[in-house]
Protein chains: 2
Amino acid sequence: MWQIKLERENEISLSRQLFYAMKDLILEGKIQSGEALPSSRGLAKDMSVSRSTVNEAYDMLETEGFIVTRQGAPTRVKEGLYLEKHQKHYEEVLFPVIQGSEQSFIVDFKTGQPDVSLFPRYVWNQMMYKAFEQLSDNDLGYFGTAGYEALRVEISHWLFRKRGLSAKPQDIFITSGTTQALSILVTMLSKEGVPFAVEDPCHKGLLEVIESSGNSILSIPVDQEGLKTSLLNGHDISAVYVTPSHQFPLGSILTAERRIELIKLARQRHFYIIEDDYDSEFRYRGAAVSPLYALDSEQVLYTGSFSKSLYPALRIGFVILPPKLQANWMYLRKHFDVQNPIVEQAALTAFLRQRKLDKYIQKISRLYEKKRLALTQAIYKYFGEQCTILGDETGLHLVLQVHGAKFDEVFVKKSQDAGIRVFPIEHYCIVKGDHLDQLMLGYGHLKIEDIPKSVSKLYNMIMT
Amino acid sequence: MWQIKLERENEISLSRQLFYAMKDLILEGKIQSGEALPSSRGLAKDMSVSRSTVNEAYDMLETEGFIVTRQGAPTRVKEGLYLEKHQKHYEEVLFPVIQGSEQSFIVDFKTGQPDVSLFPRYVWNQMMYKAFEQLSDNDLGYFGTAGYEALRVEISHWLFRKRGLSAKPQDIFITSGTTQALSILVTMLSKEGVPFAVEDPCHKGLLEVIESSGNSILSIPVDQEGLKTSLLNGHDISAVYVTPSHQFPLGSILTAERRIELIKLARQRHFYIIEDDYDSEFRYRGAAVSPLYALDSEQVLYTGSFSKSLYPALRIGFVILPPKLQANWMYLRKHFDVQNPIVEQAALTAFLRQRKLDKYIQKISRLYEKKRLALTQAIYKYFGEQCTILGDETGLHLVLQVHGAKFDEVFVKKSQDAGIRVFPIEHYCIVKGDHLDQLMLGYGHLKIEDIPKSVSKLYNMIMT
């Protein structure tokens with residue numbers, strides 16, 4: 001009677017299909033307000049279904065208030081339920097189209113991409129398996145915004161072992177990475193109308209974290225000694241975000257004098273220093289640099305991440321906070337996303353405890369060192385005295401300065417057309433024009449054997 | 001000479017121990033500005049270590065700018081590096097004390113706690129293991145803020161199967177749960193000075209998500225037909241947050257009339273409806289209620305979570321968004337925490353594809369139904385006609401109304417002292433005083449055999 005078509009070979013029960021169809025007809029006004037419905041017996045016969053199928057559909061319609069049944073009276077459609085349609089047709093669901101991903105490049109010097117091909121996947125997977133097996137029922141519940149306790153202890157030991165940091169487990173808070181840490185810290189530290197100070201140039205995504213939460217920016221230039229701390233003097237700021245161990249993107253190390261100046265300023269003017277130690281576990285020349293946090297654990301908020309050393313889709317990082325900020329952190333994190341998932345935290349606990357991460361970083365550092373060498377050699381071979389290499393002692397990227405070059409929008413377009421992805425340092429600059437001859441080259445993900453060819457292509461593209 | 005004590009049985013190398021110790025002495029002013037350091041040969045002899053150990057320590061000090069070496073001149077401490085100490089002593093790290101957890105209760109009617117004891121842990125763990133094994137290297141990288149594509153497809157099918165929803169995979173965005181979904185939506189939809197409308201009473205944590213981001217609240221009372229939608233009339237709001245399938249905490253179902261009124265209002269006044277479908281997969285009486293989203297996929301933003309059906313520490317949920325909000329969502333999520341981790345997403349994909357979740361929900365629903373029955377029987381046994389039970393058709397909690405009772409602060413204190421945890425509905429009320437005789441009892445986590453005893457204790461406590 002209403003041209004309802006039911007599919008018998010469908011995972012959705014017949015009664016439910018009937019319910020959906022009748023509901024649509026009521027909302028579209030095709031079965032009208034106040035209209036009496038046929039008896040379940042009649043409709044069942046008409047549709048060649050069992051009477052209980054119709055009764056179930058009627059029950060669903062009644063539960064949702066689309067129809068009214070009264071003892072001894074026919075079942076009727078409720079008044080005033082007509083609603084103009086917006087709804088998509090459900091058949092579209094059966095042929096999902098998900099948008100394709102971004103352009104692929106022949107040569108790609110993207111950054112922030114570790115090489116996961118050496119990652120001991122099998123061992124890690126075993127550890128996840130065992131860790132999950134051993135969890136208590138409580139561990140599967142809401143076990144805490146601060147993070148898995150055993151992991152906080154292991155990170156404390158790890159930090160002391162690798163970075164010379166003394167941080168108590170109860171001051172270490174697990175995050176889903178530095179983006180989250182910064183996002184919460186910015187919410188926490190923001191003073192109405194007072195800017196956050198950042199290095200210029202700096203990481204675009206993290207700059208956007210500050211901006212997207214409605215805060216203004218005070219940009220402080222960076223030179224070969226890191227942030228020009230003296231330029232902070234006299235400014236009122238909500239906090240300063242710095243990368244003292246390996247400035248992003250220029251690669252400079254903040255000198256001891258500037259470190260001390262920065263901390264003295266922070267103490268005098270009561271602002272916090274957010275220290276992002278994003279890649280200093282990979283260091284190729286000289287000794288590792290101590291974090292700023294080692295100089296002052298009250299004024300410095302230290303953030304770290306395991307995304308670079310394990311794999312980005314792990315989503316585990318941490319922040320070290322002084323006691324007076326901890327309650328506020330917990331409150332905010334609880335209302336951001338409650339807590340991290342458990343299995344990665346439990347597996348990382350074992351991975352740290354058994355010193356697997358120490359060994360893996362040793363191993364992968366040797367590989368990165370080879371890539372760095374291949375890259376710098378190829379650069380010198382092609383660019384020779386036309387260039388300077390900066391910031392290559394640490395991490396997974398370096399800066400190529402080509403004297404007299406101008407890496408502007410025209411250049412970016414040209415390189416894209418050539419299938420080469422490079423990022424001019426200007427891309428990361430807040431005040432434009434001071435770093436036009438510099439490119440950032442990420443090499444963590446490259447294959448060693450491809451590096452010379454890639455540099456040659458880059459050289460030809462720049463020089464023609 | 002400086003009373004430095006090195007430990008040979010330490011994981012930290014001797015050179016690094018020496019470096020830390022000297023750095024501290026410089027910062028404390030015990031080795032003074034401009035002071036010449038002993039030759040590496042001399043210090044090595046003095047400390048009974050190798051000369052290379054001292055050289056390494058000196059290198060580290062130089063890298064960080066604590067000392068200056070010049071050809072032919074003694075190595076000297078740099079000027080102006082004295083810094084008053086704030087630092088904790090590192091030995092504390094070795095004996096971590098993590099604060100104990102909250103009070104434990106003899107009888108605990110807490111809510112939001114599913115029973116994970118029946119969860120097919122072994123099967124799930126196998127699925128995580130296999131899923132991780134099969135991931136590509138790209139899947140371990142930053143694969144996308146929207147979520148794992150295969151999971152978006154499976155959730156689309158799941159929603160159609162279980163909830164009668166037609167949502168395209170590309171409109172489904174993976175979240176770490178409803179808290180995160182709401183947090184981002186509130187940031188996205190907030191209009192300066194315009195409140196968010198919420199049900200009164202409502203979930204405290206989610207109310208705080210709105211408040212903690214600096215937004216004001218318009219509270220709209222709830223009755224047995226759900227939100228009193230007509231009271232929204234004439235108000236300008238940023239958006240409204242509702243739980244139409246099982247009002248939290250009262251348990252009412254929003255009627256068809258009010259659903260249609262709400263959608264018409266939203267269309268007229270251009271506000272979005274945030275629909276939280278937090279537990280309707282567990283339904284014991286009558287047919288499942290269709291989501292509001294089924295009536296209007298442009299105006300309704302639907303959020304769901306797998307925390308209740310699998311386990312809370314899974315941290316996977318989703319939100320369905322119309323195309324015009326998607327770019328903004330992606331931008332904000334990227335700056336909140338980038339994306340979910342991969343392994344849970346990949347495992348859930350298989351769990352849904354193989355209909356394991358369907359089977360598990362069927363199984364656990366039967367258990368919850370038994371618990372519900374045990375609870376309602378015990379309540380009727382003890383409270384008899386003194387009480388009414390509300391909102392028990394769905395979910396993992398119900399509301400106990402005890403006629404003439406007054407569940408106020410005094411009562412909460414008294415029950416705490418008796419080791420009984422219950423939550424008065426007043427606890428969730430924005431406007432106080434209208435629900436003084438109602439208690440929310442969560443039973444998902446209770447053991448069936450404990451239920452009668454627990455209710456008896458509750459009864460005695462209330463009646464004495």
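Sequence lines set the chain letters: A, B, ... in the order given, protein chains first and strands last, and positions in each chain run from 1.
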**Asked** If you measure from CG on Asp296(B) to CG on Leu83(A), what distance do you get to the nearest 0.5 Å?
**Response** 6.5 Å
**Message:** Would you compute the distance between atom OG1 of Thr187(B) and atom CZ of Phe336(A) and round it to the nearest 0.5 angstrom?
**Reply:** 7.0 Å
**Prompt:** Checking heavy atoms, do the side chain of Leu314(B), its backbone, both or neither come under 4.5 Å from chain A?
**Reply:** backbone
**Request:** Would you mind checking which part of Ser307(B) comes under 4.5 Å of any heavy atom in chain A, side chain (CB onward), backbone (N, CA, C, O), both or neither?
**Result:** side chain
**Asked** Quick one: what part of Glu11(B) sits under 4.5 Å from any heavy atom of chain A, side chain, backbone, both or neither?
**Response** side chain
**Asked** Heavy-atom distance under 4.5 Å to chain B: side chain of Glu225(A), backbone, both or neither?
**Response** neither
**Request:** Begin with the C-alpha distance, continue with both residues' side-chain angles, and end with the deciding distance and a verdict on side chain to side chain contact (heavy atoms under 4.5 Å, CB included) for Ile12(B) and Phe160(A).
**Result:** CA-CA 8 Å; Ile12(B) 318 288; Phe160(A) 186 65; 3.8 Å; yes
**Item:** Residue pair Glu211(B) / His335(A), side-chain heavy-atom distance below 4.5 Å
**Value:** no
**Message:** Please classify the contact of Gln126(B) with chain A as side chain, backbone, both or neither, using a heavy-atom distance under 4.5 Å.
**Reply:** both
**Request:** Tell me, for Arg333(B) versus chain A, whether the close heavy atoms (under 4.5 Å) come from the side chain, the backbone, both or neither.
**Result:** neither
**Asked** With chain A, which of Asn125(B), Leu81(B), Ile210(B), Asp337(B) has the greatest number of heavy-atom pairs at distances under 4.5 Å?
**Response** Asn125(B)
**Part of Asp139(B) within contact of chain A (heavy atom distance under 4.5 Å)** = backbone
**Prompt:** For the residue pair Tyr129(A) and Tyr122(B), does the interplanar ring angle fall in the parallel (under 30°), tilted (30 to 60°) or perpendicular (over 60°) class?
**Reply:** perpendicular
**Asked** Which region of Ile263(B), side chain (C-beta onward) or backbone (N, CA, C, O), has a non-hydrogen atom less than 4.5 Å from a non-hydrogen atom of chain A, or is it both or neither?
**Response** side chain
**Asked** Taking C-beta and beyond as the side chain, do Arg283(B) and Thr63(A) meet within less than 4.5 Å on heavy atoms?
**Response** yes
**Request:** Taking the six-membered ring for Trp and the full ring for Phe, Tyr or His, determine whether the centres of Phe132(B) and Phe119(A) are under 6.0 Å apart.
**Result:** no
**Asked** Roughly how far, to the nearest 0.5 Å, is the CG atom of Leu295(B) from the CD atom of Glu64(A)?
**Response** 8.0 Å
**Item:** Residue, of Ile316(B), Val209(B), Leu254(B), that accumulates the most heavy atom pairs under 4.5 Å with chain A
**Value:** Val209(B)
**Asked** Quick one: what part of Ser117(A) sits under 4.5 Å from any heavy atom of chain B, side chain, backbone, both or neither?
**Response** both
**Prompt:** In Å, rounded to the nearest 0.5 Å, how long is the span from CZ of Arg161(A) to CZ of Arg16(B)?
**Reply:** 12.5 Å
**Request:** Tell me, for Glu133(A) versus chain B, whether the close heavy atoms (under 4.5 Å) come from the side chain, the backbone, both or neither.
**Result:** both
**Request:** Apply side chain to side chain contact (heavy atoms under 4.5 Å, CB included) to Thr179(B) and Val338(A), showing your working.
**Result:** CA-CA 7 Å; Thr179(B) 297; Val338(A) 191; 3.5 Å; yes
**Request:** With sequence neighbours excluded, tell me which residues meet ring-ring contact (aromatic ring centres under 6.0 Å, His included) with Tyr142(A).
**Result:** none
**Message:** A quick test of your reading: do over 12 heavy atoms of other residues, nucleotides or ligands sit less than 6.0 Å from NZ of Lys334(B)?
**Reply:** no
**Asked** In Å and rounded to the nearest 0.5 Å, what is the CD1 to CD1 distance from Ile260(B) to Ile26(A)?
**Response** 9.0 Å
**Request:** Look up atom OG in Ser212(B) and atom CG in Leu332(A), then write down how far apart they are to the nearest 0.5 Å.
**Result:** 6.5 Å
**Prompt:** Are any non-hydrogen side-chain atoms of Ile342(A) and Arg315(B) less than 4.5 angstrom apart?
**Reply:** no
**Message:** I need the residue from His445(A), Arg355(A), Glu393(A) with the largest number of non-hydrogen atom pairs under 4.5 Å to chain B.
**Reply:** Arg355(A)
**Request:** Could you go through the side chain to side chain contact (heavy atoms under 4.5 Å, CB included) check for Glu257(B) and Lys78(A) one step at a time?
**Result:** CA-CA 8 Å; Glu257(B) 276 165 297; Lys78(A) 206 156 180 181; 2.9 Å; yes
**Message:** Is Gln113(A) in contact with chain B via its backbone, its side chain, both, or neither, using a 4.5 Å heavy-atom distance?
**Reply:** side chain
**Asked** What option among Gly65(B), Ser15(B), Gly141(B), Ser183(B) has the most heavy-atom pairs under 4.5 Å with chain A?
**Response** Gly141(B)
**Message:** Would you say that Arg121(A) contacts Leu140(B) through its side chain, given a criterion of any heavy-atom pair below 4.5 Å between the two side chains?
**Reply:** yes
**Request:** Answer yes or no: is there a donor N or O on one side and an acceptor on the other, between the side chain of Tyr20(B) and the main chain of Gly164(A), under 3.5 Å?
**Result:** yes
**Request:** Using non-hydrogen atoms and a 4.5 Å limit, figure out which bit of Ser136(A) sits close to chain B: side chain, backbone, both or neither.
**Result:** backbone
